[in-house]
Amino acid sequence: TGKKTNPHLVRDMVVTHVRGEGLASDAELEALAMYMGHSVAMQKGTYDRRTTQQKVAPAVGLMSAINAASDGRGEKKADR
């Protein structure tokens with residue numbers, strides 16, 4: 001793009017991409033934060049650019065799965 005880069009910009013791009021795409025485990029993100037001289041809290045606050053909807057989507061999916069599983073058990077009990 002012809003733009004100048006610096007270490008901070010590269011760090012920003014890497015961490016933003018890894019966090020945004022879910023490419024790393026919590027342990028890997030923690031190690032990356034330590035490697036870059038950040039705390040995990042700073043990394044989350046600074047580089048997590050997901051929307052609130054994107055942040056809660058895994059919880060919504062989990063709750064849907066729990067509800068589906070409990071509905072399935074409820075139907076089996078009713079069939080007995």
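Side chains are part of it too, since the values below use all heavy atoms of this structure and drop only hydrogens, waters and symmetry mates.
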In a table with atom names and distances, give each donor-acceptor pair under 3.5 Å that connects a side chain of residues 12-19 to protein atoms at least two apart or in another chain.
{"residue": "Asp12", "atom": "OD1", "partner": "Arg49", "partner atom": "NH1", "Å": "3.4"}
{"residue": "Asp12", "atom": "OD1", "partner": "Arg49", "partner atom": "NH2", "Å": "2.9"}
{"residue": "Thr16", "atom": "OG1", "partner": "Asp12", "partner atom": "O", "Å": "2.7"}
{"residue": "Thr16", "atom": "OG1", "partner": "Arg49", "partner atom": "NH1", "Å": "2.6"}
{"residue": "Arg19", "atom": "NH1", "partner": "Gln43", "partner atom": "OE1", "Å": "3.2"}

Sequence neighbours left out, cut at 3.5 Å: what donor-acceptor pairs do the side chains of residues 60-68 make with other protein atoms?
{"residue": "Ser64", "atom": "OG", "partner": "Val60", "partner atom": "O", "Å": "3.0"}
{"residue": "Asn67", "atom": "ND2", "partner": "Met63", "partner atom": "O", "Å": "3.3"}

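Contacts classified as side-chain hydrogen bond (donor to acceptor under 3.5 Å, both in side chains) and involving residues 28-38 (residues at least two apart or in different chains) are given here: Ser25-Glu28.
Partners of Lys4 under the side chain to side chain contact (heavy atoms under 4.5 Å, CB included) rule, at least two apart in sequence or in another chain, do not exist in this structure. Thr51 pairs by the side chain to side chain donor-acceptor pair (under 3.5 Å) definition with Gln54, not counting sequence neighbours.
Sparse packing is recorded around CG of Asp26, with 12 or fewer heavy atoms of other residues, nucleotides or ligands lying under 6.0 Å away.
Follow the hydrophobic side-chain contacts under 4.5 Å out from Val10 and you never reach Met34; the two are in separate clusters.
For the atom pair CG (Asn6) and CZ (Arg11), the distance works out to 9.0 Å, reported to the nearest 0.5 Å.
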